[in-house]
Participant: 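Submitted below is the structure of interest, expressed as structure tokens.
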Amino acid sequence: MLDKTFDPKAVEPRLYAAWEASGAFKPSEDPNAEPFVIVIPPPNVTGSLHIGHALNNTLQDVLTRFHRMRGKAALWLPGTDHAGIATQMVVERQLAAAGNIGRREMGREAFVEKIWEWKAESGGTIVNQLRRLGASCDWSRERFTLDEGLSAAVRKVFVQLYKQNLLYRDKRLVNWDPQFQTAISDLEVEQKEVDGFYWHFAYPLADGVTYQHPVAFDEDGKATAHETRDYIVVATTRPETMLGDTGVAVHPTDERYKDLVGKFVTLPIVGRRIPIVADDYADPTKGSGAVKITPAHDFNDFGVGKRAGLAVINILTVEAKLNDSVPADYVGMDRFVARKAIVARAEEEGWLKEIEKTKHMVPHGDRSGVVIEPFLTDQWYVDAKTLAQPALKAVENGDTVFEPRHWEKTYFEWLRNIEPWCVSRQLWWGHRIPAWFGPSTDPNDKDQFTSKIFVGETEEDVLAEAAAYYGPKVQLGFTDGLVFVDRNEQGELTRVDLKRDEDVLDTWFSSALWPFSTLGWPEKTEDLARFYPTSTLVTGFDIIFFWVARMMMMGLHFMGEVPFKQVFINALVRDEKGAKMSKSKGNVMDPLVLIDELGCDAVRFTMTAMSGQARDIKLSKQRIEGYRNFGTKLWNASRFAQMNECVRVEGFDPATVQQPINKWIRGETVKTVAEVTRALEAPEFDAAATALYKFIWNVFCDWYLELAKPILNGDDAAAKAETRATAAWALDVSLKLLHPVMPFITEELWDKTAEFGPARDGLLIVEKWPQLPETWIDAEAEAEIGWLVETVGEIRSVRAEMNVPPSAKPPLTLIGASAETKARLARHRDLLLTLARLDSAREAEAAPAGAVPFVLGEATGALAIAEFIDLAAEKARLTKEIAGHAGEIDKTNKKLGNPDFLARAKEEVVAENRERLAEAEAAKAKLEAALARLAAVG
RNA sequence: GGGCGGCUAGCUCAGCGGUAGAGCGUCUCGUUUACACCGAGAGGGUCGGGGGUUCGAUUCCCUCGCCGCCCACCA
């Protein structure tokens with residue numbers, strides 16, 4: 001006997017272990033099985049499961065289980081990401097908290113060792129939490145972005161891109177994070193609006209130059225007065241950058257400054273003579289129309305400087321302090337301290353013309369939260385523009401489809417405007433860049449010691465390249481220190497020790513390879529041949545750029561095929577008020593706590609049901625409780641079945657059932673199978689959840705089991721046997737359909753019911769997905785049970801409205817019933833009596849006195865409840881019903897009275913309206929007659 | 001500045017060209033031998049505003065208004 005409720009806590013670990021041990025998570029080895037493959041968005045190896053993971057991984061598991069049951073070779077490939085900055089940051093913090101020496105004092109090797117220790121300690125957390133979620137990943141194929149195989153893939157990709165000129169080293173401005181002291185990509189920069197100021201500075205003109213500047217204007221904006229100025233005004237939000245100014249730009253057509261182009265200003269504080277140049281970048285409508293140019297610390301200014309041939313002076317250190325390119329007073333000063341100091345000095349010296357309050361966007365590091373500085377450094381870049389073209393095409397022509405489709409616009413927008421991708425990071429945790437520096441033999445190269453680069457997958461490859469470059473007489477080696485060079489007396493090279501690039505690659509560089517690197521690439525493995533391209537990628541929209549687009553680029557470039565055919569973008573989980581969950585707000589819902597409290601299946605069903613498209617998911621605990629209740633409902637239905645000996649029957653064929661209710665539930669089951677299958681194929685997760693919920697609760701429990709009770713308690717042995725077998729069958733089908741979403745409770749019920757009926761072995765997880773013939777839908781049974789359900793509903797409604805106590809069992813009379821209705825009444829009289837709590841049900845010519853009428857198709861029902869009738873209430877009820885019909889009639893008449901409607905609307909629509917009109921008119925007439933009788937009485 | 005999404009019952013959301021739906025909440029009734037994590041019933045919406053297309057618009061188009069998000073070089 002089943003317990004009264006399902007106990008998820010006891011069942012979940014046991015079943016998961018059984019599944020895993022059975023090998024059911026591995027893809028079928030049947031060569032004829034069509035593959036279905038998902039690669040997991042690898043979570044941070046040291047992370048833990050949050051609600052977003054719960055959603056994302058539930059959906060992946062639903063798909064995986066569904067396709068596995070459909071007989072496909074289903075592979076859900078799990079793994080974790082080393083998460084460069086994030087992990088390095090965590091470990092640095094831990095070291096600091098423990099009072100340890102910092103990473104720089106510790107040194108690279110020791111620090112990386114610490115991270116590996118941390119990974120060993122916490123690295124199993126998230127994968128075990130995925131198990132608690134029921135994730136049917138093939139753990140035997142689990143990968144980690146820094147494992148040997150994936151690292152080899154990364155090296156190979158780097159070298160190949162380099163050789164194809166799609167990856168190069170360049171000196172340009174990058175987004176510099178002074179906290180982590182590394183370059184970051186554009187995507188890792190967050191623009192935040194902050195309160196700030198425009199400080200207007202007057203830069204004095206050099207060489208005694210003056211000009212006329214307009215100061216008053218007429219209505220048309222024409223200057224009417226001018227003053228003589230010996231300075232030019234520029235505005236800035238970052239005064240400290242003035243120390244690196246090497247020019248002032250004005251627009252070439254700007255009349256005000258026309259004569260100043262080619263003249264010079266003397267930069268205050270610094271005393272540098274810098275030119276006034278003409279450049280389209282200067283916007284005459286903004287500020288004074290003149291703009292200070294700091295090529296080394298502003299992306300726009302860098303461009304202006306390049307065009308105008310201005311000097312590039314870097315004034316910052318890696319920590320964003322002023323370096324020794326600035327006047328001595330400021331050297332070593334923090335950038336924000338310097339800002340204040342410079343403003344103070346400007347005021348003191350009289351060249352601060354104005355302070356204007358403003359709100360403006362300031363770039364911040366998404367991890368560090370500090371203000372990013374544009375900074376001139378040498379970095380590695382991927383030519384994303386070139387790689388983006390096939391990635392664009394593949395989505396344009398539908399090789400890869402986004403679901404929901406509108407995300408494609410986001411994808412296109414970014415790829416069409418893509419910039420070179422800075423892939424080097426000045427971090428220690430990650431894939432070290434396989435590039436080595438040596439001296440250039442070209443005397444024109446500026447930096448003789450590091451300007452020759454050798455790129456190779458192995459040190460052997462690099463030595464071979466170097467040997468080819470330096471010639472056989474040069475002895476080659478490697479060094480951890482500076483590049484070492486020895487020369488003979490003639491100045492010829494005799495020895496070179498190459499130095500490997502210190503930097504590591506952006507984490508997303510390795511993630512971009514995930515769909516093929518995890519399958520064994522660059523080896524030609526069986527998995528790679530069988531499982532690439534993958535089927536569906538399930539991920540959040542926040543990483544379409546970071547990850548999806550880059551996988552597309554790399555997949556197409558290295559595999560020649562898209563990495564996945566479908567991208568399902570899931571929503572973002574928010575709290576019940578729609579706020580983003582965050583620790584600081586204290587509104588975080590921990591999926592593991594929810595699983596503990598309400599069971600994994602309830603959490604999973606919630607995620608599935610709420611995964612409607614293109615929307616935030618506002619998650620409330622109440623909702624999860626509702627779905628926990630749904631599980632309990634299913635459990636109790638199974639308990640009822642068990643109590644009533646509804647056990648599976650060997651060789652039972654639903655096609656042979658005779659009882660109308662059994663024919664009916666058979667058809668409903670067929671429809672549900674079709675709908676759930678369709679929904680999961682799409683996938684429309686919410687539609688699948690809705691179909692399952694409605695079928696199991698509102699159809700099977702609310703009606704089928706209730707309708708079955710009289711038979712199960714009756715004496716018709718044949719009908720009883722048939723109903724038992726049908727109930728067991730429908731329940732079995734339900735368990736299968738629900739299994740992808742609620743794997744634990746369905747598996748448990750499957751296993752428990754295996755104890756009864758004919759022997760069956762195996763777990764539900766490996767069962768085949770049902771596929772039922774449409775011919776099992778019986779229109780007549782459907783109509784008949786529909787009639788029964790409607791009749792019961794009407795009677796219940798009347799009883800409730802008339803306050804008829806449940807104990808009262810009034811007789812029912814049917815007036816004007818058709819032969820078909822009479823037959824139905826005869827067939828289901830017992831059911832009707834039980835479900836509607838009636839004493840009797842018979843046909844008659846006229847309603848008995850004091851009976852309450854209601855419309856039932858062509859017939860009129862009359863419930864003899866004279867003793868409960870409140871005349872006023874009954875009048876009100878009838879009047880309301882009549883008004884309802886009258887409204888309907890009115891509306892429909894209008895339609896049918898419109899010749900255009902008759903002429904142009906589809907025939908079946910017209911027919912439908914005619915029918916509706918007739919029904920409404922008949923119903924209204926009956927009720928009006930009843931009301932008239934009532935009026936006569938009262 | 002550019003783009004995307006949303007605005008449907010008190011709340012959360014389906015529906016997306018032919019009679020407005022669900023869950024939760026609310027109200028009424030109910031200890032009928034699966035289930036009170038339950039059952040029965042009821043109330044509740046001019047589908048954000050305004051135009052247009054159409055025989056017909058919550059559904060398609062335009063426009064406006066809010067709300068949210070993404071991108072954009074911080075004079």
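Just so we're on the same page: letters track the sequence lines, and every chain starts at 1.
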Participant: If you look at every strand shown and take non-hydrogen atoms under 4.0 Å, does A/P899 touch a base, only sugar-phosphate, or nothing?
Facilitator: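 Here A/P899 touches no strand at all.
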Participant: At under 4.0 Å between heavy atoms, what does A/Q622 touch on the DNA or RNA strands: base, sugar-phosphate, or nothing?
Facilitator: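 Sugar-phosphate only.
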Participant: Just to confirm, is there a sub-4.0 Å distance from OP1 or OP2 of B/C74 to any side-chain nitrogen or oxygen of A/K359?
Facilitator: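 No, outside the criterion.
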Participant: If the plane angle is over 60° it's perpendicular, under 30° parallel, otherwise tilted; pick one for A/F545 and A/W414.
Facilitator: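 Ring orientation, 0 to 90° scale: parallel.
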Participant: Provide the closest heavy-atom pair for A/V312 versus A/A296 in the form atom of the first, atom of the second, distance.
Facilitator: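 Smallest interatomic distance, heavy atoms only, reads CG1-CB, 3.6 Å.
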Participant: For B/C74 and A/K286 - does any side-chain N or O of the residue sit under 4.0 Å from the phosphate oxygens OP1/OP2?
Facilitator: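 Checking A/K286 against B/C74: no side-chain N or O falls below 4.0 Å of OP1 or OP2.
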Participant: Classify A/Y281 by what it touches in the nucleic acid, base, sugar-phosphate, or nothing, heavy-atom distance under 4.0 Å.
Facilitator: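 Base, at least one base atom sits under 4.0 Å.
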Participant: In sequence, state the C-alpha distance, the side-chain angles, and the governing distance for A/V291 and A/V248, and then conclude on side-chain contact (heavy atoms from CB on, under 4.5 Å).
Facilitator: CA-CA 6 Å; A/V291 57; A/V248 169; over 6 Å; no
Participant: Just checking, any donor-acceptor pair under 3.5 angstrom between side chains of A/K292 and A/T241?
Facilitator: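 Note: A/K292 and A/T241 side chains meet the donor-acceptor criterion.
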Participant: What interatomic distance, in whole Å, is found between P of B/G44 and the corresponding atom of B/G10?
Facilitator: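 After rounding to an integer number of Å, I get 11 Å for this pair.
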Participant: Would you say B/A72 has OP1 or OP2 under 4.0 Å from some side-chain N or O of A/N417?
Facilitator: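 Answer no for this pair, as no side-chain N or O of A/N417 is under 4.0 Å from OP1 or OP2.
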Participant: Identify which nucleotide among B/U19, B/A34, B/C37 has an atom closest to any side-chain atom of A/T5, counting heavy atoms from C-beta outward.
Facilitator: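 Nearest nucleotide to the side chain: B/C37.
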Participant: Under 4.0 angstrom, heavy atoms only, what part of the nucleic acid is A/K709 near: base, sugar-phosphate, or nothing?
Facilitator: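 Result for A/K709 = base.
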